[in-house]
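Taking it in order: structure first as structure tokens, then the write-up.
A, B, ... follow the sequence lines: proteins, then strands. Residue 1 opens every chain. In what follows, every heavy atom counts, from backbone to side chain, and hydrogens, waters and symmetry copies are set aside.
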Number of protein chains: 2
Amino acid sequence: MTKPLVTILDDEPEIRNMLSEALEEAGYRTASFARATEFEASLKTSSPEVCLVDLGLPDKDGLALVHRLALESGASIIIISGRAQVQDKITGLELGADDYIIKPFDPSEVVARVRARMRSVKPVGRTSDTAIFSGWTANFETYLLIDDEGAEVPFSHAEGEVLRLFLNNPKRLISRVQMQESLGGAAGESFDRAMDVRISRLRTKLREDPKNPQLIKTIYGAGYIFLGDVVWS
Amino acid sequence: MTKPLVTILDDEPEIRNMLSEALEEAGYRTASFARATEFEASLKTSSPEVCLVDLGLPDKDGLALVHRLALESGASIIIISGRAQVQDKITGLELGADDYIIKPFDPSEVVARVRARMRSVKPVGRTSDTAIFSGWTANFETYLLIDDEGAEVPFSHAEGEVLRLFLNNPKRLISRVQMQESLGGAAGESFDRAMDVRISRLRTKLREDPKNPQLIKTIYGAGYIFLGDVVWS
DNA sequence: GGAGGCTTGTTACAATTCGTTAGATTCCAG
DNA sequence: CTGGAATCTAACGAATTGTAACAAGCCTCC
């Protein structure tokens with residue numbers, strides 16, 4: 001089995017070294033980047049399980065990067081930051097980070113937290129733009145679904161969020177709670193029917209038979225499960 | 001929709017109050033416990049999304065509890081502890097906790113970290129997906145029963161639970177109590193007729209002759225037994 | 001500005017699931 | 001056989017989910 005990959009994004013060389021050393025010691029593959037642009041380029045070709053991201057980057061807003069990563073990739077995100085204010089932590093976590101570690105840190109704690117993320121991590125997850133599944137090709141750049149005969153069906157941003165969540169977590173039960181939290185929204189509000197409607201609309205576009213959906217199954221009282229073999233490319 | 005449930009296990013009343021208040025404000029349901037035994041009892045009847053566990057408990061070893069929780073429940077576990085040593089954190093995370101927060105803490109950070117846990121999709125126990133028995137193929141991914149002529153009969157989640165229990169324990173007596181326990185319901189209530197109904201519905205789908213069931217036999221006064229040679233694949 | 005189109009949340013009601021109830025049926029001891 | 005307990009299942013209803021229809025917000029193009 002190939003070792004799981006952890007990417008490190010930090011502009012300080014010592015920190016990159018310290019982290020990659022500790023993580024490789026612990027049995028992970030690592031890839032380090034000093035700049036956000038290089039890091040983002042790497043996501044086109046590799047899909048890390050966990051990303052360690054320093055917020056104080058020279059060339060880009062770290063929080064925006066975190067947000068995009070959280071929505072589009074299946075990777076777990078751990079923020080590493082010198083800012084220890086509660087509000088900073090909350091903002092980071094709210095934007096989709098899975099954990100927030102304050103500098104200075106002990107490398108072994110980072111390893112332990114990375115390992116904790118690995119346990120619940122989504123196995124696939126790419127930041128790439130197209131996914132192929134069950135006779136469909138979804139393109140998240142053009143927001144088009146293309147069937148096996150080449151017919152194009154456009155989908156909206158909201159539908160895309162749901163679709164991407166499914167495509168990043170195929171054949172897994174996704175509870176409504178997780179879905180709402182992942183797609184940004186407070187818990188337990190009357191908002192909840194919006195979720196159903198999004199799914200209903202997505203089902204229509206995927207030409208699901210309402211009585212007998214093949215791709216998006218409802219598990220009464222539990223959530224949804226996306227069947228279909230997904231290949232990102 | 002039912003709000004997601006967060007349980008709080010801490011022996012200090014002020015902390016319980018502070019946390020439950022903040023979490024309910026954020027739209028979650030909470031249940032608080034001062035003792036591990038009460039907490040464990042509650043798990044029989046409810047399944048929280050996230051558990052906040054204080055390690056310094058009077059009546060039980062917190063770390064052992066965390067470990068058991070991590071293995072046996074599907075909940076995410078966040079340790080709350082006064083011990084700030086790196087080694088303590090590592091031990092806690094290694095035993096299966098998903099996060100580790102040090103006292104004193106800001107309630108809103110706890111809320112943010114709870115929300116982060118809600119988002120992550122926990123992998124389910126990867127039991128296999130299809131079983132073949134007595135002319136039927138049960139597919140737990142698609143929730144379909146397929147007979148030897150290829151005809152499809154969908155089954156529901158509740159029916160699937162019963163069916164899976166039978167298929168995992170063929171040719172073995174399963175008492176009513178065992179069945180309820182493993183299907184999560186509280187035992188011994190007058191509610192137990194639900195079990196019968198589930199089985200009745202399952203029998204209908206398996207086209208059992210009510211007078212003379214071949215697959216699901218009732219043992220009067222004892223329970224049920226599933227006959228049939230099961231092959232999982 | 002405003003008309004028209006698109007997106008998306010909200011509402012209302014329909015459909016489905018599944019526990020509960022209640023009577024019918026079956027089982028077995030006496 | 002008979003009575004009482006255990007089990008079966010039709011039918012009802014509460015909770016959950018599906019979706020059509022409406023409305024609000026935001027574009028773009030005149």
Side-chain angles (χ1 to χ4, degrees), chain A residues 140 142-145 152-163 173-180 183-186 188-226, chain B residues 1-5 29 45-46 143-144 153-163 165 173-177 179-180 183-225:
Chain A
F140 288 93
T142 57
Y143 283 90
L144 283 176
L145 275 164
E152 297 180 344
V153 180
F155 59 89
S156 72
H157 180 65
E159 287 153 3
E161 283 189 331
V162 179
L163 181 57
L173 177 68
I174 301 173
S175 74
R176 300 163 94 65
V177 175
Q178 288 165 339
M179 192 167 289
Q180 276 190 200
L183 305 185
E189 295 304 307
S190 71
F191 291 34
D192 52 358
R193 310 315 314 282
M195 207 68 256
D196 301 55
V197 178
R198 284 195 190 187
I199 287 179
S200 170
R201 287 172 178 151
L202 188 54
R203 276 180 171 147
T204 307
K205 297 210 169 164
L206 289 171
R207 301 190 202 121
E208 293 267 70
D209 174 8
K211 306 287 173 187
N212 187 25
Q214 296 299 301
L215 280 170
I216 303 174
K217 284 262 183 184
T218 304
I219 314 297
Y220 183 91
Y224 298 94
I225 190 166
F226 182 84
Chain B
M1 186 189 71
T2 53
K3 301 176 180 177
L5 176 65
R29 266 157 60 227
T45 54
S46 68
Y143 284 88
L144 285 175
V153 181
F155 57 89
S156 74
H157 183 59
E159 288 154 4
E161 284 188 326
V162 179
L163 181 57
L165 184 63
L173 176 68
I174 301 172
S175 76
R176 231 160 229 291
V177 178
M179 191 167 292
Q180 286 196 177
L183 302 188
E189 297 302 309
S190 71
F191 303 171
D192 57 356
R193 312 326 316 278
M195 210 65 257
D196 304 21
V197 178
R198 285 196 191 186
I199 288 176
S200 168
R201 286 174 178 150
L202 188 54
R203 276 179 171 148
T204 307
K205 297 211 169 165
L206 289 170
R207 303 191 200 119
E208 293 267 70
D209 174 9
K211 309 286 175 185
N212 186 25
Q214 295 300 301
L215 280 170
I216 304 174
K217 291 258 188 193
T218 303
I219 312 297
Y220 185 89
Y224 298 94
I225 192 165

Length of the NZ-C1' vector between Lys217(B) and dC8(D), whole Å: 16 Å
Check the pair Tyr224(A), Met179(A) against side-chain contact (heavy atoms from CB on, under 4.5 Å), reporting the backbone distance first and the verdict last. CA-CA 9 Å; Tyr224(A) 298 94; Met179(A) 192 167 289; 4.1 Å; yes
Is the distance from OP1 or OP2 of dC8(D) to the nearest side-chain N or O of Thr218(B) less than 4.0 Å? yes
Provide, to the nearest angstrom, the distance between the CG atom belonging to Asp196(B) and the C1' atom belonging to dG19(C). 12 Å
I'd like to know whether Tyr143(B) forms a ring pair (Phe, Tyr, Trp, His ring centres under 6.0 Å) with Tyr220(A), so could you lay out the CA-CA distance, the side-chain angles of the two residues, the decisive distance to 0.1 Å, and finally the verdict. CA-CA 12 Å; Tyr143(B) 284 88; Tyr220(A) 183 91; over 10 Å; no
Picking from dT7(D), dT9(D), dT10(C), the nucleotide nearest the side-chain atoms of Val197(A) would be dT10(C)
Ignoring hydrogens and angles, tell me if any N or O in the side chain of Glu208(B) forms a donor-acceptor pair with the backbone of Ile216(B) under 3.5 Å. yes
Let me spell it out: for each of Gly221(B) and Ala222(A), pick the nucleotide of DNA chain D with the closest heavy atom. Which residue's pick is nearer the 5' end? Gly221(B)
Could you tell me how far apart Met195(A) (CE) and dG9(C) (C1') are, to the nearest whole angstrom? 12 Å
Within residues 199-213 of chain A: residues closer than 4.0 Å to DNA chain D (heavy atoms): Ser200(A), Arg201(A), Arg203(A), Pro210(A)
Would you say Ser156(B) reaches dT16(C)'s phosphate, i.e. side-chain N/O to OP1/OP2 under 4.0 Å? no
Under 3.5 Å between N/O atoms: give me all the protein pairs with nucleotides 2-4 of chain D, atom names plus distance.
none

Spacing of Arg198(A) atom CZ relative to dT8(C) atom P, expressed in whole Å: 7 Å
Rounded to whole Å, CD1 of Ile219(A) lies from P of dG18(D) at a distance of 11 Å
Glu159(B): partners by salt bridge (Lys or Arg N to Asp or Glu O under 4.0 Å), with sequence neighbours left out: Lys205(B)
Is the phosphate of dA6(D), meaning OP1 or OP2, less than 4.0 Å from a side-chain N or O of Arg193(B)? no
Ignoring hydrogens, what is the shortest heavy-atom contact between Leu144(B) and Pro154(B)? Give both atom names and the distance. CD2-CA, 3.7 Å
Evaluation steps, side-chain contact (heavy atoms from CB on, under 4.5 Å), between Thr142(A) and Glu152(A): CA-CA 11 Å; Thr142(A) 57; Glu152(A) 297 180 344; over 6 Å; no
Any chance you could lay out the side-chain contact (heavy atoms from CB on, under 4.5 Å) test for Leu202(B) and Leu163(B), step after step, and finish with the verdict? CA-CA 8 Å; Leu202(B) 188 54; Leu163(B) 181 57; 4.0 Å; yes
Whole angstroms only, please: what is the OH-P distance between Tyr143(A) and dC6(C)? 18 Å
Of all heavy-atom pairs between Leu173(A) and Gln178(A), which one has the smallest distance, and what is that distance? O-OE1, 4.0 Å
May I ask you to decide if Pro213(A)'s main-chain N or O and Arg203(A)'s side chain share a donor-acceptor pair within less than 3.5 Å? no
Over how many whole Å does the gap from Gln180(A) atom CD to dT16(D) atom P extend? 13 Å
Look at all strands and tell whether Tyr224(A) reaches a base, only sugar-phosphate, or nothing, counting heavy atoms closer than 4.0 Å. sugar-phosphate
Atom NE2 of His157(B) to atom P of dT17(D): distance rounded to whole Å? 11 Å
